[in-house]
Amino acid sequence: MTDSQWKNLVNSGGVLSQNGKIWFPSQSSKKGYESSTNFNVPDLINDNELQSVKDFLRPVMVSIVSCKKVLLDGT
């Protein structure tokens, strides 16, 4: 990212990390990032606080439950 692109992104809103090197679209996204030791798994906060980091969370793409045989095929 060029300096001017970075400047435009920062000026568009959002918040920066403490060191100013990472841009987040919201305070909630920043909190989610800071509450995680594993990408997209906020494990440093309790379940009651998950709502406060909802901007950071991504939906589950596939949820396979109680299956005996599963075939995922294709690209």
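In this text, all values refer to a predicted model and were calculated from it rather than measured experimentally. Just so it is clear, the values below take in all heavy atoms, side chains as well, and ignore hydrogens, waters and symmetry mates.
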What do you reckon, is CG of D3 surrounded by more than 12 foreign heavy atoms closer than 6.0 Å?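 12 or below, so no.
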Show the atom names and distances, to 0.1 Å, of all donor-acceptor pairs under 3.5 Å that link a side chain in residues 12-22 to residues at least two apart or in another chain.
residue, atom, partner, partner atom, Å
S12, OG, L9, O, 2.5
S17, OG, N19, OD1, 2.6
S17, OG, G20, N, 3.4
S17, OG, K21, N, 3.3
S17, OG, I22, N, 3.1
N19, OD1, K21, N, 2.9

My understanding is that only residues two or more places apart in sequence, or in another chain, count here; which of them pass side chain to side chain donor-acceptor pair (under 3.5 Å) with S29?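 By the side chain to side chain donor-acceptor pair (under 3.5 Å) rule, S29 matches S26.
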